[in-house]
Structures are given as structure tokens and as C-alpha cells.
Amino acid sequence: MTRARTPRATPLSTMSGPECCENPPKLASGGESGDVVQIASLNSYVSGNADSKIAVLLVSDVFGYEAPKLRKLADKVASAGYYVVVPDFFHGDPVIPGTSLQDWLKNHEPLEAVEFAKSVIKALKEKGVSKIGAAGFCWGAKVVVELAKEAEIQVAALLHPSFVTLDDLKGVKVSTGIFGAEIDKMCPPEVVKEFELCFRSKTGAEVQIGMTLDVAGEEVGDPGKVGMIDHFVKIYNGVSHGWTTRWKDDDEIAMQCAKEALEDLLAWFGKCL
């Protein structure tokens with residue numbers, strides 16, 4: 001009997017990316033409460049109290065740090081008391097309509113952004129920040145998981161991740177949340193559940209196990225078990241890859257799920273920072 005193969009996250013080398021490029025943002029912005037400043041040589045959108053001792057780093061998808069919905073999300077995270085930083089890891093060269101994603105990725109591999117992210121983190125610590133959380137969206141999730149593997153941050157959140165592998169998750173050293181979409185070829189629910197099982201099997205410091213919500217909304221997991229990486233894993237019903245920052249305004253389900261994901265993200269950071 002042939003065993004069904006579990007889907008895997010799409011590797012960087014094979015990504016042709018229609019999901020990653022659907023519903024591109026319109027960069028004409030408005031209603032933002034932050035500013036653009038330079039941090040460690042990178043232009044960065046910042047929002048919130050610059051004197052806060054707790055910062056949150058947001059790493060964008062391929063459309064970059066100017067995406068209006070990403071900036072408004074940053075403002076909402078900042079309203080919880082964090083100093084939020086959204087760097088331009090693409091150096092003014094995000095994906096725009098007509099861009100060949102395969103060609104663009106040759107010049108913008110996530111691993112190349114990790115060192116720039118470390119420089120931003122160093123600059124934040126030099127100004128007095130004592131704790132840093134990071135959230136990565138699609139492309140940005142790979143950057144954040146690398147930071148989590150080196151414990152450069154205190155907590156990680158991966159939202160509809162791309163390029164993140166099981167081996168990556170085996171290497172994380174900090175509390176990590178995964179926010180998955182029910183409809184996602186880049187990181188399908190089967191892979192998200194595999195990631196959750198990886199967290200459950202990791203040994204280490206005494207921490208509470210996270211909860212998983214499957215697509216039916218039923219809790220699965222083993223609350224209270226110790227010896228695991230603290231984690232949060234959730235699959236959001238009825239939404240597609242990229243929904244947290246690129247939902248369509250006429251899609252009520254996606255809009256509500258984006259709101260729910262933001263609430264969950266704030267709760268996750270609130271628990272771990």
C-alpha cells in the first residue's frame with residue numbers, strides 16, 4: 001500500500017508564488033500614526049513610544065514596509081505599549097506588479113536580511129530596549145525563524161509563513177507562534193500541524209505547552225505538559241495565504257480573521273514579553 005505523502009512547505013528555490021503576490025497593496029497610504037526613520041542604515045517605519053523598553057520587529061512580506069495594512073497593523077501593535085519597528089529589508093526594491101518573483105528572490109533571499117535584522121536589534125538594545133518580539137509575514141517568517149534559532153529575540157510569531165521548514169522549527173530556542181491559513185499552498189494546514197507536533201516533541205526548559213486549533217476550531221494538545229518549547233499554533237478558517245496584511249476589503253471573513261489574528265498576536269506577545 002502506498003502511503004500518502006504529507007505536503008511540505010514550499011522551498012525558496014521552487015517558489016513561483018501566485019499566493020505570495022495575490023492582492024498586492026496600493027502604496028498610497030493614509031491614516032498612519034508613525035514615522036519613517038533610519039535605524040542601523042535601514043529606513044524603518046516606527047510607531048509607538050520610542051522610550052518603551054519592549055520593542056516589536058515586524059518583517060514584511062515581499063511587498064515591503066510601505067504596505068498600508070502592514071503599517072496600520074504596526075500602529076495597532078504599538079497601541080498595546082510596544083515600540084514597533086518595520087524595517088525596509090528590500091532597500092527600496094519591493095515586489096511591484098509585473099515583477100518576476102523568481103528573479104526578485106535571487107537578489108532578496110530571506111537569509112540575507114537576517115544580518116540586517118541583527119543590526120536593527122543591536123541598535124534597539126543600544127537605545128535601552130530590553131526585550132524584543134518579532135513577527136514575520138510570508139517571506140518575513142523565514143527571517144524571524146532564523147532570529148529565533150539564534151535567540152536574538154525573546155518571542156517569535158510566524159504568520160502564513162513561507163520557506164520555513166521542519167528543521168527550522170527544530171532549531172528554535174524561544175517561544176514561537178504560528179498563524180496558519182486554511183487555504184495555503186505555501187504552508188498548508190498539514191504542515192502547520194506537523195510544526196505543532198515538532199514543538200510538542202522538543203525538550204528543554206520547563207514551559208507550558210501551547211494549544212493548537214484545527215480548522216474545525218477544536219482544541220487539540222496536552223495543556224500543562226512540561227518540557228516543551230512554549231508555543232501557539234492556530235489555523236484560521238476560510239482564509240488564504242497573506243490574509244493578515246492583504247485581505248480584500250470586500251471579504252468579510254478574511255477581514256474578521258485578520259482582526260482575530262491581531263488579537264491573538266497581541267495576546268501571544270503579552271504572554272511572552
Side-chain angles (χ1 to χ4, degrees), residues 9 19-20 22-25 45 47-48 56-63 65 67-82 84 86 133-145 148 153 155-164 169 175-189 191-193 195-196 199 210-221 230-273:
E19 285 191 317
C20 286
E22 288 180 351
N23 197 33
Y45 178 77
S47 186
V56 170
L57 182 69
L58 300 185
V59 187
S60 75
D61 63 14
V62 297
F63 292 107
Y65 87 126
K69 287 177 179 174
L70 176 63
R71 289 190 173 189
K72 289 178 181 178
L73 186 149
D75 294 341
K76 291 175 181 177
V77 174
S79 69
Y82 304 114
V84 180
V86 191
F137 304 81
C138 183
W139 180 97
K142 179 64 172 179
V143 178
V144 171
V145 81
I153 51 179
V155 56
L158 316 178
L159 297 95
H160 37 86
S162 294
F163 319 131
V164 175
L169 273 296
S175 301
T176 301
I178 299 178
F179 300 65
E182 181 184 6
I183 308 163
D184 193 340
K185 293 179 181 178
M186 299 301 300
C187 189
V191 171
V192 174
K193 292 176 182 179
F195 287 167
E196 197 271 343
F199 285 132
M211 296 298 298
T212 299
L213 285 147
D214 66 15
V215 293
E218 297 175 358
E219 290 182 347
V220 294
D230 197 11
H231 65 277
F232 170 88
V233 180
K234 186 169 177 178
I235 298 168
Y236 295 79
N237 295 346
V239 292
S240 303
H241 182 84
W243 94 95
T244 60
T245 56
R246 286 188 279 119
W247 73 86
K248 294 180 180 178
D249 292 335
D250 60 354
D251 187 337
E252 186 65 27
I253 292 176
M255 190 180 304
Q256 289 303 315
C257 280
K259 180 180 178 181
E260 180 182 345
L262 174 60
E263 292 171 352
D264 290 339
L265 181 65
L266 290 174
W268 178 238
F269 282 155
K271 175 184 177 183
C272 298
L273 288 174

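Heavy atoms only: backbone and side chains are in, while hydrogens, waters and symmetry mates are out.
The two residues Ser47 and Asp75 have their closest heavy-atom pair at OG-OD1, 2.8 Å. Closest of all the heavy-atom pairs between Ile183 and Gly238 is CD1-C, 4.2 Å. Minimum interatomic distance between Leu265 and Ala135 (heavy atoms only, all atoms of both residues): CD1-CB, 4.4 Å. Contact record, Cys187 with Pro161: CB-O, 3.2 Å, taken as the closest heavy-atom pair.
Here the side chain of Arg71 pairs no donor or acceptor atom with the backbone of Tyr45 at under 3.5 angstrom. Using a distance-only test at 3.5 Å, with no hydrogens or angles considered, no donor-acceptor pair links the side chain of Glu182 to the main chain of Val239.
A perpendicular orientation is assigned to the rings of His160 and His241, their planes being inclined by more than 60° (bins at 30° and 60°). Note on ring orientation: taking the six-membered ring where Trp is involved, the planes of Phe232 and Phe179 are tilted (angle from 30° to 60°).
Here the CE atom belonging to Met186 is positioned 13.0 Å from the OG atom belonging to Ser240, to the nearest 0.5 angstrom. In this structure, CD on Glu252 lies 10.0 Å from SG on Cys257, to the nearest 0.5 angstrom. A distance of 12.0 Å separates CG of Leu159 from NZ of Lys234, quoted to the nearest 0.5 Å. A distance of 9.0 Å separates CG in Asp61 from OG in Ser162, rounded to the nearest 0.5 Å. Atoms CG and CZ, from Leu70 and Phe63 in turn, are 12.0 Å apart once rounded to the nearest 0.5 Å. Remark: Phe199 CZ to Ser175 OG distance equals 9.5 Å, nearest 0.5 Å.
Residues Asp264 and Phe269 have side chains not in contact (no heavy-atom distance under 4.5 Å, counting atoms from C-beta outward). Side-chain contact between Thr244 and Leu262 is absent, with no heavy atoms from C-beta onward closer than 4.5 Å. Proximity of Lys271 to Asp230: side-chain heavy atoms (C-beta onward) are separated by under 4.5 Å at one or more points. A heavy-atom distance below 4.5 Å is not found between the side chains of Trp243 and Ile253. Using a 4.5 Å heavy-atom threshold, the side chains of Leu273 and Val56 count as touching. Side-chain contact between Leu158 and Val145 is present, with at least one heavy-atom pair separated by less than 4.5 Å. Two residues are said to be in side-chain contact when any heavy atoms from C-beta on lie closer than 4.5 Å; Val86 and Val59 fail this criterion.
Inspection of the Glu260 and Gln256 side chains reveals no N or O donor paired with an N or O acceptor under 3.5 Å.
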(request) Decide ring-ring contact (aromatic ring centres under 6.0 Å, His included) for Trp139 and Phe163; before the verdict, give the C-alpha distance in whole Å, the side-chain angles of both, and the deciding distance to 0.1 Å. (result) CA-CA 7 Å; Trp139 180 97; Phe163 319 131; 7.9 Å; no

(request) List the steps, then state whether side chain to side chain contact (heavy atoms under 4.5 Å, CB included) holds for Leu58 with Tyr65. (result) CA-CA 9 Å; Leu58 300 185; Tyr65 87 126; over 6 Å; no

(request) Step by step, work out the side chain to side chain contact (heavy atoms under 4.5 Å, CB included) result for Ile153 and Val144. (result) CA-CA 9 Å; Ile153 51 179; Val144 171; 4.2 Å; yes

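Taking a cutoff of 4.0 Å between a charged side-chain nitrogen and a carboxylate oxygen, Asp249 and Lys69 qualify as a salt bridge.
With sequence neighbours excluded, the residues forming a side-chain contact (heavy atoms from CB on, under 4.5 Å) with Glu263 are Lys259, listed by chain and number. By the ring-ring contact (aromatic ring centres under 6.0 Å, His included) test, Trp268 pairs with no residue at all, sequence neighbours left out.
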